[in-house]
Amino acid sequence: MPDLLDPAVLERAAAEGSLARLVADWTARVAAGDELRRVVLAALRLDLALIVREPELLFPCLYNRVYWHASAEAAAFYGEGIDVGAPLRGWAERWRAARGRRGPWARSLRPPEFPLLGPLREEYRGALGQGAPAFSRDGQVVGCAGATASAWERATGRALPSELAAQRLGDGGPELEVRFDSGAWGWARVRERGREKWLVEVDVDGDSKFDCALRLADGTAVIVAGWCADYDGSIARIDLPGAKVRWRVQLGGQIHALACDRAGALVAASDGAAVHLLDGTSGATLASAPLSAHALGLAADGSTLVTRHEDVLRVWDVAGLRRGRPVRLRGTHDGWIDAAFSPDGQRLITGTLLCDGRDGRLVARLDLDGPGCLEGGPPEDGRRLADDRFVEMAPMRGVAIWDARDGRRQRVDAGRRYGHTHEIVLSPDTRWYVHGRRRGAEPTEMRLCAVDDGSVRAELGSIERDCVVFTPDSQRVLVAAGEAVTVWRVPTGTREATLRHPAAVTGVGVARDGSCAVTGARDGVLRVWDLARRELRGSRPLAAEDPLQRSWSGRGEETGAWRATPEALARLEGWLGFSYARHASTPRRRDGLTDILEAGRVRVRVPAQARLEAAPDGSRWASRVDHFVIEDEPLAAAAET
């Protein structure tokens, strides 16, 4: 039998389409003590459907999963686990060296979101449509039902044609709709879509707002869910006939998705941040796992759970979930930051994790402020990572500063608290900020202040949102107000120049080298200004391809204004010397993957479903859970020289 640990065997099987058979044969034969092959099998099983679709991803998929298994880095990122010396790291590196130069690939700089040999068993990536995730009656097929169904054979990873997918997933029965009336809190009103008669109409608790419902397969009960009190999750079982409330529980956050097994013995509910498993008879909580899920489904026998997050399906072993909290990258889903690199690319923050932006090493876990729900959360742009420090402005703790080199908190000013109604613009070096309090759609009175002590450098006047930008060196700030853009000298708070316009300015952006600025105005003209000479370089009318931000006038009429968004600035690259892009690569999300493109061509494909942020040089990319470096087999390159 071909050896599972022979890379040539794996590559040949992937190319010939026999990988699923190899996995099945070894799954039946692998001994209990054969840890290395068990780990490789788990990695292959997880990505089988993706590798079947795109065999060239075999090596990066396997490398990025097994490299971190049982390593010190994994224990640090997961916040638990033991280091047994990364037993497969040497195997993965030898495979990497033997491959030679096969073009660029994405090497992960941190462990996968969920470790191998845990409750996560399989992943499926693709265009999933709008249907809810489901298993076939026999559990052998998983996918999303709906008008354009998509499904996969679990044993082979093979995608099924849409018509066959719809047949295998079957009809989930009549769709239920829930109606809520503001004067009837606590009432569950449920009926089949298109029917007038209520299937259920009962006051459950006098408090909850129910948003979703499902009916047990035998029709004996309806499960309803939603929220109550301060957005706590609320779930109830209503027995039929008679509409008797058997149980009602309160847990997690607002519940937006439900599933149950065929017998009604197990109920799964998602609040977006966690999946809760409940006893369908008593309502007792069996487990709560920190899994992000927009929708979910249970196998008929309740043994497996499928969750959907964006365009990725994940299949979980229910027994594994019930044994305890699954190990997961800890801290990535906390805080308010998806991913941000420092301007020099030396540091990266994802969630509350501060990492080395070059090698991925975990530097520190930052104790960031909580959401401050009573004040509506933090300001939208109240956090920024500079080269040497990280600043957070929040409603609970106030202004806090961390050292970006070691993650130690340097100071806190509890007297300056900022919430969601504040406009905040932090300078790239985080020494300065512009702020004001927003009141509806009216322009905001803004002031320029020092971050460290809050001292006011200048009163900037009444400014619309998105009309303030710092130069990259943080020494100047451009403020658009009325028919002019004022250039302020930041350390002194003095005016340096005024760039006059024939119409009200709607947006302003600065080139990455700080040499020039671009403005948009109500006259429909874009202008590029030389900041050193303080003069106009040139102008052109707005084109159909220039994106506008939709807005509404006081009379309710829809209008559009040019704003200096990344998309709008990218359209102007190279025009009159204006340069915004730091590198030539751009990301494109498609079918559960991210393509990194250069000159319109795919340079590398990355198994990342979340939006990736690029390091300044474009060589590294990150999301909340991912951190990749794009490289061209450096080991082989070194051997050639």
Side-chain angles (χ1 to χ4, degrees), residues 335-337 339-349 351-352 354 357 363-364 366-372 375 377-438 444-461 463 465-479 486-496 508 510 512 514 616:
W336 300 90
I337 298 175
F341 285 91
S342 59
D344 63 6
Q346 302 290 305
R347 285 292 182 263
L348 164 70
I349 186 168
T352 60
L354 180 66
V363 175
L366 304 187
D367 177 26
L368 300 186
D369 207 344
E375 300 177 41
E380 184 176 348
D381 297 308
R383 299 152 300 281
R384 186 151 191 166
L385 178 64
D387 291 339
D388 61 345
R389 65 184 198 168
F390 174 75
V391 169
E392 179 185 54
M393 297 181 166
M396 303 295 284
R397 182 185 289 130
V399 176
I401 303 172
W402 285 263
D403 190 317
R405 291 163 293 191
D406 55 21
R408 287 185 296 180
R409 195 164 68 203
Q410 296 177 323
R411 65 176 65 91
V412 174
D413 183 351
R416 285 179 286 159
R417 300 174 184 267
Y418 298 107
H420 73 291
T421 60
H422 287 93
E423 293 289 346
I424 297 286
V425 182
L426 277 158
S427 65
D429 66 0
T430 68
R431 263 62 183 181
W432 315 96
Y433 70 112
V434 172
H435 80 95
R437 189 151 198 149
R438 185 173 66 251
T444 305
E445 291 294 328
M446 306 284 272
R447 55 181 53 180
L448 171 65
C449 301
V451 169
D452 288 358
D453 60 12
S455 59
V456 179
R457 287 295 189 272
E459 297 287 348
L460 303 180
I463 306 167
R465 190 174 186 178
D466 301 324
C467 286
V468 177
V469 62
F470 283 89
T471 55
D473 62 3
S474 302
Q475 294 301 295
R476 292 170 177 80
V477 62
L478 280 65
V479 178
T486 303
V487 182
W488 294 81
R489 181 72 177 175
V490 171
T492 60
T494 56
R495 291 181 175 89
E496 281 198 346
V508 56
V510 177
R512 61 181 171 86

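Both backbone and side-chain heavy atoms feed into the values below; hydrogens, waters and symmetry mates do not.
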>> My understanding is that only residues two or more places apart in sequence, or in another chain, count here; which of them pass ring-ring contact (aromatic ring centres under 6.0 Å, His included) with Phe470?
In response: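 Listed in chain order: nothing, the list is empty.
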
>> So, using ring-ring contact (aromatic ring centres under 6.0 Å, His included) as the criterion, who are the partners of Trp402 when residues are at least two apart?
In response: Phe390

Non-neighbouring partners of [X] that pass side-chain hydrogen bond (donor to acceptor under 3.5 Å, both in side chains), sequence neighbours left out:
| X | result |
| --- | --- |
| Gln475 | none |
| Asp387 | none |
| Arg447 | Glu459 |
| Asp429 | Ser427, Ser474 |

Where do [X] and [Y] come nearest, in terms of heavy atoms and distance?
| X | Y | value |
| --- | --- | --- |
| Leu354 | Gly407 | CD2-CA, 3.8 Å |
| Gly514 | Pro472 | CA-CD, 3.9 Å |
| Pro428 | Pro343 | O-CG, 4.2 Å |
| Gly493 | Ala458 | O-CB, 3.7 Å |
| Pro395 | Asp369 | N-OD2, 4.1 Å |
| Pro616 | Phe341 | CD-CB, 4.2 Å |

Output all residues satisfying side-chain contact (heavy atoms from CB on, under 4.5 Å) with [X], sequence neighbours left out; order by chain, then residue number.
| X | result |
| --- | --- |
| Glu496 | Arg476, Val487, Arg489, Arg534 |
| Asp381 | none |
| Arg512 | Ser579, Arg582 |
| Val469 | Leu478, Val508, Val510 |

Flag the pair [X] / [Y] as yes when at least one side-chain heavy-atom distance between them is below 4.5 Å, and no otherwise.
| X | Y | answer |
| --- | --- | --- |
| Arg347 | Arg389 | no |
| Met393 | Val399 | yes |
| Arg383 | Leu368 | no |

>> A quick test of your reading: do over 12 heavy atoms of other residues, nucleotides or ligands sit less than 6.0 Å from CZ of Arg408?
In response: no

Hey, what do you get for [atom1] ([X]) to [atom2] ([Y]), rounding to the nearest 0.5 Å?
| X | Y | atom1 | atom2 | result |
| --- | --- | --- | --- | --- |
| Glu392 | Ile337 | CD | CD1 | 7.5 Å |
| Leu385 | Leu366 | CG | CG | 9.0 Å |
| Arg437 | Ile424 | CZ | CD1 | 10.5 Å |

>> Walk me through whether Trp488 and Leu460 qualify under side-chain contact (heavy atoms from CB on, under 4.5 Å).
In response: CA-CA 9 Å; Trp488 294 81; Leu460 303 180; 3.5 Å; yes

> Going by atom types only, do Thr444 and Arg438 share a side-chain donor-acceptor pair under 3.5 Å?
Replying inline: no

> Residues two or more places apart in sequence or in another chain: which of them pass salt bridge (charged side-chain N to carboxylate O under 4.0 Å, His left out) with Arg384?
Replying inline: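 Checked Arg384 against salt bridge (charged side-chain N to carboxylate O under 4.0 Å, His left out); zero matches.
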
> Can you name the residues that form a salt bridge (charged side-chain N to carboxylate O under 4.0 Å, His left out) with Asp413, not counting sequence neighbours?
Replying inline: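 Residues passing salt bridge (charged side-chain N to carboxylate O under 4.0 Å, His left out) with Asp413: Arg416.
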
> Under 30°, 30 to 60°, or over 60°: which ring-plane class applies to His435 and Tyr433, parallel, tilted or perpendicular?
Replying inline: parallel

> Run the salt bridge (Lys or Arg N to Asp or Glu O under 4.0 Å) check on Arg411 and Asp453 step by step: do they pass?
Replying inline: CA-CA 10 Å; Arg411 65 176 65 91; Asp453 60 12; over 6 Å; no

